[in-house]
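Written out below as structure tokens is the structure these notes cover.
By convention in this document, chain letters (A, B, ...) are assigned in the order of the sequence lines, proteins followed by strands, and residues within each chain are numbered from 1.
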Number of protein chains: 2
Amino acid sequence: MTISAAAQSRLDDFRARCADAGLAATHQRLIIYRTLVESTDHPSPELVYDRVRTEIPSISQATVYKNIRTFLEIGLLQEVNRLHQTNRLDANLDQHHHLICVRCEKVTDLYDDQLDGARAHDESPGGFQVLNYQVEAYGVCPDCQSTKAASSAQ
Amino acid sequence: MTISAAAQSRLDDFRARCADAGLAATHQRLIIYRTLVESTDHPSPELVYDRVRTEIPSISQATVYKNIRTFLEIGLLQEVNRLHQTNRLDANLDQHHHLICVRCEKVTDLYDDQLDGARAHDESPGGFQVLNYQVEAYGVCPDCQSTKAASSAQ
DNA sequence: ATAAATGCAAAGGATTTGCCGTCAA
DNA sequence: TTGACGGCAAATCCTTTGCATTTAT
């Protein structure tokens, strides 16, 4: 059994999910989504564009970007790093983790020795020589909990 | 005891660390670094610029950006998200973690139920309502392990 | 003295936007 | 048919770069 089992089932749902979200199932949209599902290497938007162009040479970059954003908005797609849009700096070099508010993108240091002990079962997962583990806890910060709206606080 | 104890000790080291790295201890550099140390809110470069300007109104954005880069290069500073420069997409919505190569920035999915169980000791750390925990394992991928140079593979 | 750092302005790269023609429902 | 979508080009935002002047060592 290859990756295509899971991939196929996700594709099967694609039209249904578009319908649910009120999105038209266009050819471009389908190819972009299929490309994403088949790309297990966590590609950049630019790389997705390159790959999609092998199937639809005339597609525009804007269409790829717009659809990626749409997929993110309806939760069909994630970013490896939810803080991608702006760089966030940290002069604290001590071992620690982060609490990240999914609404306002506030980041708070999280000290927790239970998390410090996080380790993969495999000592060298995927052949990686792991240097350190860092935990990101996504959630809703106190300020945003008291706000009904889905927008920001800070 | 306030935050200033740790902050002060880091500041005390600043000139020494500059000397070690062969960097001049300029006024601008000191203020930028002090601002970073005193900013526990993981600011964006732009926000750092704003804060530094309250002390040195004439400082240029380029100086702030250059010094941030310098600090990152000598390991005096970290980014919350090491993949910030390019967005990285993930259509895999199943619970999983990531192996991130610090050399070539390759990202690999990591399935591990031991990591799935990562939880802070405090159920609601910092008052956050945590939705999910995700572990990022930073390390060196197999390809880069066989490469001596500090550059990339992929 | 001299190599490095600052400040300015321009360049660069990634992403978004506006608008018009086209397509899915 | 009609509102949504694709394609194109321009705009925007963030970050880097080149260069002349100033500064630290």
*asked:* Could you tell me how far apart B:Leu30 (CG) and C:dA5 (C1') are, to the nearest whole angstrom?
replied: 14 Å

*asked:* What is the distance, to the nearest angstrom, from the CD1 atom on B:Ile68 to the P atom on C:dT6?
replied: 12 Å

_Interatomic distance, B:Ile56 CD1 vs C:dA5 P [rounded to whole Å]_ = 15 Å

*Does a nitrogen or oxygen in the side chain of B:Thr63 sit under 4.0 Å from OP1 or OP2 of C:dG7?*
yes

*When A:Thr35 is tested against each of A:Leu30, A:Leu47, A:Val52 for side chain to side chain contact (heavy atoms under 4.5 Å, CB included), which residue passes?*
A:Val52

*Quick one: B:Arg53 CZ to C:dT6 C1', roughly how many Å, whole number?*
16 Å

*Determine, stepwise, if the pair A:Asp143 / A:Lys106 fulfils salt bridge (Lys or Arg N to Asp or Glu O under 4.0 Å).*
CA-CA 10 Å; A:Asp143 289 348; A:Lys106 186 185 303 174; 2.9 Å; yes

*asked:* Tell me whether B:Arg88 contacts the main-chain N or O of B:Leu83 through its side chain, where contact means a donor paired with an acceptor under 3.5 Å.
replied: no

*Separation of B:Glu73 atom CD from C:dA5 atom P, in whole Å?*
11 Å

*Could you tell me whether the side chain of A:Gln145 and the main chain of A:Val140 form a donor-acceptor pair under 3.5 Å?*
yes

*Nearest-Å distance, CZ (B:Arg29) to P (C:dA4)?*
11 Å

*Do A:Leu77 and A:Leu23 belong to the same hydrophobic cluster, where Ile, Leu, Val, Met, Phe, Trp and Tyr are linked whenever their side-chain heavy atoms lie under 4.5 Å apart, directly or via other members?*
yes

*Could you state the atom-to-atom distance from CD1 of B:Ile31 to P of D:dA24 in whole Å?*
13 Å

*Give the ring-plane orientation class for A:Phe14 versus A:Phe71, where under 30° counts as parallel, over 60° as perpendicular and anything between as tilted.*
perpendicular

*Salt-bridged, B:Arg17 to B:Asp20, with N to O below 4.0 Å?*
no

Atom pairs, N/O to N/O, protein against nucleotides 15-17 of chain D, distance under 3.5 Å?
from: D:dT15; atom 1: OP2; to: B:Tyr65; atom 2: OH; distance (Å): 2.4
from: D:dT16; atom 1: OP1; to: B:Arg69; atom 2: NE; distance (Å): 2.7
from: D:dT16; atom 1: OP1; to: B:Arg69; atom 2: NH2; distance (Å): 3.2

*Which pairs, with at least one residue in residues 88-121 of chain A and sequence neighbours excluded, count as a ring-ring contact (aromatic ring centres under 6.0 Å, His included)?*
A:His96-A:His98, A:His96-A:Tyr111, A:His98-B:His42

*Establish, from distance only, whether the side-chain atoms of A:Asp90 and B:Gln78 form a donor-acceptor pair under 3.5 Å.*
no

*Just how far, in rounded Å, is P of D:dT21 from CD of B:Gln28?*
18 Å

Tabulate protein N/O versus nucleotide N/O from nucleotides 21-25 of chain C, keeping only pairs under 3.5 Å, one per line.
from: C:dA25; atom 1: OP1; to: A:Ala25; atom 2: N; distance (Å): 3.4

